[in-house]
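Here is how names work: the chains are called A, B, and so on, in the same order as the sequence lines, proteins then strands, and each is numbered from 1.
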2 protein chains.
Amino acid sequence: MKLSAQEEYGLRCLLQIAQHPGPDPVQISELATGEGLSPEYVAKLVRVLRQGGLVTSTRGATGGYRLSRPASEITMQQVIEVLDGPLFSEAFCQVHTGQGVSCIHRPTDCSVRTLWRWVGGALQQVLEKITLADLLNGPKSMGVRLFEAGQNTPLAGAEPSL
Amino acid sequence: MKLSAQEEYGLRCLLQIAQHPGPDPVQISELATGEGLSPEYVAKLVRVLRQGGLVTSTRGATGGYRLSRPASEITMQQVIEVLDGPLFSEAFCQVHTGQGVSCIHRPTDCSVRTLWRWVGGALQQVLEKITLADLLNGPKSMGVRLFEAGQNTPLAGAEPSL
DNA sequence: TCTAATCTATACCATTTAGTCAACAAGGCT
DNA sequence: AGCCTTGTTGACTAAATGGTATAGATTAGA
């Protein structure tokens, strides 16, 4: 339930790419000095971002990275999924090897699973509303969006079909 | 941003302890067979729960574990904190070694930090409302509580002082 | 064509987390 | 007292994650 390093630094790199002025792509070295990370590590992070379809790269001299689509069309939900996989997978209870007394053998009333569905739903509710552009525009923009989200569909909206 | 094994299994054990009928404490062996885990592993999990103050133990023959307070007074927030530490620590940005361009040197407008504050706030909002008792009473109880929480203070309530 | 700058890939080591093992401490029971 | 059942502890191995190193592929420009 904690943020992984890959999520934290991956997001920071993505922000720098989004923030970059001019038509030129951002180079790994820029990202590295900007975030205070080693170029090798940044290379690894942006590879994940690229394979996840969030950025595109051009190789060779003068190469670098660009967002694959406008910042306003990249949600935090997508970013986190790319950097760390889905928040709560469907196969969750199968993966955890408990012999079923409270889960596999009684899949309909597994209260633990229900809890995580709820929590995951609430989280997703928030993460889907926030885009990269919101982060670039600062807290104000984010606040407005979240407030609107809260008004339209309170937490009850996160209910994932009990 | 994923659930750790310790969180998942620790919570399941705690639920079994809470669910246990009669005045006798629950023994490690019961928990182990109930969840399909090795007794040794359960012992380790339950140690964390005890050190976190969620359960009390009695030693010797006929010993075992009990909740340290009523299930309705144990929130998911507390459980997760015991099993995996605080969700978002205050020292978060200090820990992550980025040389500050977007954070340490400009601590007041670090958009990443603001994001996590929001997300953490929303999460906490949900986790504080759900108690062990709710999980035992099943989805209905949980749904009602969350809905009420959503009504009184929508997501806006999670705003942590922008 | 050559070179330098850049991204790409894989292998590697360190740290953390998951889970096991074995020796020990404490309390009930005969 | 002695024994047996139970919790307690710390050390240990295995797997996942965090982060580094190195060799290779691609392109702009001289």
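Protein atom NZ of Lys2(A) is 16 Å distant from nucleotide atom P of dT17(D), rounded to whole Å. We find that CD1 of Ile28(B) is positioned 14 Å from P of dT20(C), with the value rounded to whole Å. Atom CD in Glu35(A) sits about 17 Å away from atom C1' in dG18(D), given to the nearest Å. Taking atom CZ of residue Arg12(A) and atom P of nucleotide dG19(D), one finds them 13 Å apart after rounding to whole Å. Residue Leu83(B) contributes atom CG, which lies 13 Å from atom P of dG19(C) at whole-angstrom precision. Summarising the geometry, the separation between CD on Glu7(B) and C1' on dT17(C) is reported as 12 Å, rounded to the nearest angstrom. The CG-P distance, from Asp24(A) to dC7(C), rounds to 12 Å in whole Å. Gln6(A) places its CD atom 16 Å from the P atom of dT17(C), with the value rounded to the nearest Å.
With 3.5 Å as the limit, one finds a donor-acceptor pair spanning the side chains of Gln16(A) and Glu35(A).
For the side-chain contact (heavy atoms from CB on, under 4.5 Å) criterion with Leu14(A), the lone passing option out of Val46(A), Leu45(A), Leu67(A) is Leu67(A).
Remark: Arg47(A), Arg50(A) in residues 39-55 of chain A come within less than 4.0 Å of DNA chain C through at least one heavy atom.
With sequence neighbours excluded, no residue satisfies side chain to side chain donor-acceptor pair (under 3.5 Å) with Gln124(B). Qualifying side chain to side chain contact (heavy atoms under 4.5 Å, CB included) partners for Ala32(B), counting only residues two or more places apart in sequence or in other chains: Pro39(B), Val42(B). The side chain to side chain donor-acceptor pair (under 3.5 Å) search around Glu7(A) returns Ser4(A), not counting sequence neighbours.
A donor-acceptor pair under 3.5 Å links the side-chain atoms of Asp134(A) to the main chain of Thr131(A), judged by distance alone.
For the side chain to side chain donor-acceptor pair (under 3.5 Å) condition, no pair includes a residue of residues 58-68 of chain B, sequence neighbours left out.
Across every non-hydrogen atom of Ser57(B) and Arg50(B), the tightest pair is OG-CD, 3.4 Å.
Comparing dA18(C), dT6(D), dC7(C) by their nearest atom to the side chain of Gln27(B) picks out dT6(D).
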Could you list the donor-acceptor pairs under 3.5 angstrom formed between side-chain atoms of residues 75-88 of chain B and any protein atom two or more places apart in sequence or on another chain?
| residue | atom | partner | partner atom | Å |
| --- | --- | --- | --- | --- |
| Thr75(B) | OG1 | Gln78(B) | N | 3.2 |
| Gln77(B) | NE2 | Glu81(B) | OE1 | 3.4 |
| Gln78(B) | OE1 | Arg69(B) | NH2 | 2.8 |
| Gln78(B) | OE1 | Thr75(B) | N | 3.1 |

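DNA chain C is contacted by both Asp84(B) and Tyr65(A); Tyr65(A) maps to the nucleotide lying nearer its 5′ end (nearest heavy atom per residue). Between Ser57(B) and Ser38(A), the residue anchored closer to the 5' end of DNA chain D is Ser57(B), taking for each the nucleotide with the nearest heavy atom.
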Check the interface with nucleotides 26-30 of chain C: list each N/O to N/O pair with the protein under 3.5 Å, or write none.
| residue | atom | partner | partner atom | Å |
| --- | --- | --- | --- | --- |
| dA26(C) | O4' | Arg59(B) | NE | 3.3 |
| dA26(C) | O4' | Arg59(B) | NH2 | 3.4 |

